[in-house]
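Everything below concerns the one structure shown next.
Scope of the values below: all heavy atoms of this structure, side chains included, with no hydrogens, waters or symmetry mates. Proteins get letters first, then strands, A, B, ... in listed order; numbering begins at 1 in each.
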Amino acid sequence: MPSIYINIALAFTISLLGILTYRSHLISSLLCLEGIILSLFIISTLTASNIHFSLANIIPIALLVFAACEAAVGLALLISISSTYGLDYIHKLSLLQC
Amino acid sequence: MTYVLFTLSVLLVMGFVGFSSKPSPIYGGLALIVSGVVGCMIILNYGGAYLGLVMFLIYLGGMMVVFGYTAAMAIEEYPETWGSGFEVFGCFLVGLMMEVGLVLWVLEFDEVVVVVSLNDMGNWVVFEGEGLELVRGDSIGAGALYDYGRWLVVVAGWTLFVGVYIVIEITRGN
């Protein structure tokens, strides 16, 4: 197996850790979600090019479509939080209201 | 140069550590753009010119621009960068040290055996055949989305439409 996959899987894991830990902003976790999608795009493109399976090039494009929807919904939630509180700080979020 | 792809993937991991160490979102977006550019160069080295262009146009030019505007709305007065404060700099340094350790491991043993054995450096020679026709594998494959993947196009288009409607409903609030 090509050894470049170590680094790209490592990038995926680092972004996953970035989503699971919070600092002060909520949008930083959404940015790490975008990083996950970027690493998945690169992995699927490299696999499809490595084994010369041309039809598998559909997978990165379809992934990008659904990633765009996901990013849009995440940003819309962020905007609704930001319009309630002024900024998207984590410590302002409570379970009682959004 | 055998190790150019591996060097690019090391730069990719460094870019990912740059935004996973959670500086202010503007600097995180900058690190994500740099990671996207490096990822595009990795894809180009494997002969995927079409998918590299797709990534530049749609991922960086579409989604990152939206992220940049939203981060500009949700930003504070003094954004913290990688050099300000100990937490962000410490996380960044730990990530870099781990990556340096991995590079030394690969240079020493030439393989990494975790679950599978990743040992192929993969010298790629992109073969341009002579003759009258040249078929690019990636653009032909992605074009098959509209042929074999007709139903996927319908589902994805409907998903995007419903996604826009959901976004409008969320931002409308009450």
Taking every heavy-atom pair that is under 4.5 Å apart, which of A:I8, A:L26, A:I6 has the most such pairs with chain B?
A:I6

Measure A:S29 against the heavy atoms of chain B and call it side chain, backbone, both or neither at under 4.5 Å.
both

Output the distance between atom OG1 (A:T47) and atom OH (B:Y46), rounded to the nearest 0.5 Å.
9.0 Å

If you group Ile, Leu, Val, Met, Phe, Trp and Tyr by side-chain heavy-atom gaps below 4.5 Å, do B:L107 and A:L10 land in one group?
yes

Under a 4.5 Å heavy-atom cut-off, does chain B meet the side chain of A:I27, its backbone, both or neither?
both

With a 3.5 Å distance limit and no angle check, can you tell me whether A:T21 reaches the backbone of A:L17 through a side-chain donor-acceptor pair?
yes

Please classify the contact between A:A67 and chain B as side chain, backbone, both or neither, with a heavy-atom cut-off of under 4.5 Å.
both

May I ask you to name which of B:A144, B:A156, B:S20 has the most heavy-atom pairs under 4.5 Å with chain A?
B:S20

According to a 4.5 Å side-chain heavy-atom criterion applied to Ile, Leu, Val, Met, Phe, Trp and Tyr, with indirect links allowed, do B:V167 and B:Y165 form part of one hydrophobic cluster?
no

Counting only heavy atoms closer than 4.5 Å, note whether A:A62 contacts chain B via side chain, backbone, both or neither.
side chain

Keeping A:S28 on the side-chain end and A:S24 on the backbone end, is there a donor-acceptor pair under 3.5 Å?
no

For atom CZ of B:F89, is the number of surrounding heavy atoms from other residues, nucleotides or ligands below 6.0 Å larger than 12?
no

Sort B:M64 into side chain, backbone, both or neither according to what part of it lies under 4.5 angstrom from a heavy atom of chain A.
side chain

Using a 3.5 Å distance criterion without hydrogens, assess whether the side chain of B:S21 forms a donor-acceptor pair with backbone atoms of B:G18.
yes

Measuring heavy-atom distances to chain B, does A:A72 have an atom under 4.5 Å in its side chain, in its backbone, in both, or in neither?
both

Most heavy-atom pairs under 4.5 angstrom with chain B, which of A:I59, A:I58, A:I61?
A:I58

In terms of heavy-atom proximity below 4.5 Å to chain B, should A:L30 be classed as side chain, backbone, both, or neither?
both

Contacting moiety of B:T70, where chain A heavy atoms sit under 4.5 Å:
both

Where on B:V88 is there a heavy atom nearer than 4.5 Å to chain A: the side chain, the backbone, both, or neither?
side chain

Is B:E80 salt-bridged to B:K22, cutoff N-O under 4.0 Å?
no

Output the distance between atom OH (B:Y59) and atom CZ (A:F41), rounded to the nearest 0.5 Å.
10.0 Å

Toward chain A, the part of B:L102 with a non-hydrogen atom under 4.5 Å:
side chain

Mind checking whether B:F19 and B:F16 have parallel, tilted or perpendicular rings, split at 30° and 60°?
tilted

When heavy-atom pairs shorter than 4.5 Å are enumerated against chain A, which of B:L12, B:V103, B:T159, B:I58 gives the highest number?
B:T159

Which one, B:M98, B:M55, B:M14, B:E169, leads in non-hydrogen pairs under 4.5 Å with chain A?
B:M55

Does any backbone or side-chain atom of A:F53 lie under 4.5 Å from a heavy atom of chain B? Answer side chain, backbone, both or neither.
neither

If only atom types and distance count, is the side chain of B:S9 paired as donor or acceptor with the main-chain N or O of B:F6 below 3.5 Å?
yes

Heavy-atom pair count under 4.5 Å with chain B, highest-scoring of A:I4, A:I14, A:L31, A:I42
A:L31

What part of B:L51 gets closer than 4.5 Å to chain A, counting heavy atoms only: side chain, backbone, both or neither?
both

Find out if a path of hydrophobic residues (ILVMFWY) with successive side-chain heavy-atom gaps under 4.5 Å connects B:V65 to B:L53.
no

Most chain A-contacting option - heavy-atom pairs closer than 4.5 Å, from B:T171, B:I42, B:I43
B:I43

Taking side chain as everything from C-beta outward and backbone as N, CA, C, O, which of these in B:L145 sits under 4.5 Å from a heavy atom of chain A? Side chain, backbone, both or neither.
both

Bottom line for B:L160: the part with an atom under 4.5 Å from chain A's heavy atoms is both

If only atom types and distance count, is the side chain of B:D138 paired as donor or acceptor with the main-chain N or O of A:S49 below 3.5 Å?
no

